[in-house]
Amino acid sequence: GGAAVTPVVMKASAGAAAGLPVARVANIGEPVRRLKEHNLFVYCADMDGEPAYRQNLTGSIALVVGAEGKGVSPLVKRLCDGSVSLPMAAGHTGVDSFNVSVAGGILMYEIYRQRAAQAQTGV
């Protein structure tokens, strides 16, 4: 149900969409099952999940992010192996969540950060 990779999407991504594999599916549950069969640990982004920085994101993983406002469906959450969240600033900042593109970007950066740290230490 997401947007197709059109010339507008390519421009908005500054060309990054050309270097990323994109798979469009009608039912996200089936690809989640297949990824797990290939020994990938599947996380979903969820506000009630464990903070991403507390998870080990250095292995073979897949990340599922949900729709704006709705998040990941309950069925897909049950299919995933775990969930990760982005803790929000304390107090009354007026921001209680990120939009899906921002949250996905932050989570992917955390994955990169952990993998880079692991590569430096050789652990």
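These figures come from a predicted structure and were not determined experimentally.
- In this structure, Q55 and S83 approach most closely via the heavy-atom pair NE2-O, 4.1 Å.
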Mind running side-chain contact (heavy atoms from CB on, under 4.5 Å) on R113 and Y109 for me, showing each step along the way? CA-CA 6 Å; R113 186 195 67 76; Y109 186 80; 4.2 Å; yes
Check the pair L86, I106 against side-chain contact (heavy atoms from CB on, under 4.5 Å), reporting the backbone distance first and the verdict last. CA-CA 8 Å; L86 296 170; I106 295 168; 3.5 Å; yes
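- The side-chain contact (heavy atoms from CB on, under 4.5 Å) test with L57 singles out one residue from I111, L63, L107, and that residue is I111.
- Using modelled atom types, one side-chain atom of R115 and one backbone atom of G59 make a donor-acceptor pair closer than 3.5 Å.
- For the residue pair L35 and A62, the shortest heavy atom distance occurs at CD1-CB, 3.7 Å.
- Residues Y112 and F41 fall into different hydrophobic clusters, defined by Ile, Leu, Val, Met, Phe, Trp and Tyr side chains chained together at heavy-atom separations under 4.5 Å.
- A distance-only check finds a donor-acceptor pair linking the side chain of K36 to the backbone of L79 [under 3.5 Å].
- There is a path of hydrophobic side-chain contacts, each under 4.5 Å, that joins M88 to V65.
- No continuous path of ILVMFWY side-chain contacts below 4.5 Å connects M47 to V102, so the two sit in separate hydrophobic clusters.
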Kindly determine whether R34 and E30 satisfy salt bridge (charged side-chain N to carboxylate O under 4.0 Å, His left out), including the steps that lead there. CA-CA 6 Å; R34 286 188 193 159; E30 187 55 34; 3.5 Å; yes
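- Between E110 and Y53, the side chains place no donor N or O within less than 3.5 Å of an acceptor N or O (distance only, hydrogens not considered).
- With D81 contributing its side chain and V42 its backbone, the two residues share a donor-acceptor pair below 3.5 Å.
- One finds the OG atom of S85 at 8.0 Å from the CG atom of D48 (value rounded to the nearest 0.5 Å).
- Here the closest non-hydrogen pair linking N27 and G29 is OD1-N, 2.9 Å.
- Here CD of Q118 is found 7.0 Å from CG of N56. Values are rounded to the nearest 0.5 Å.
- For the atom pair SG (C44) and CZ (R78), the distance works out to 11.5 Å, reported to the nearest 0.5 Å.
- For the pair V64/V76, a side-chain contact is recorded, criterion being any heavy-atom separation below 4.5 Å from C-beta on.
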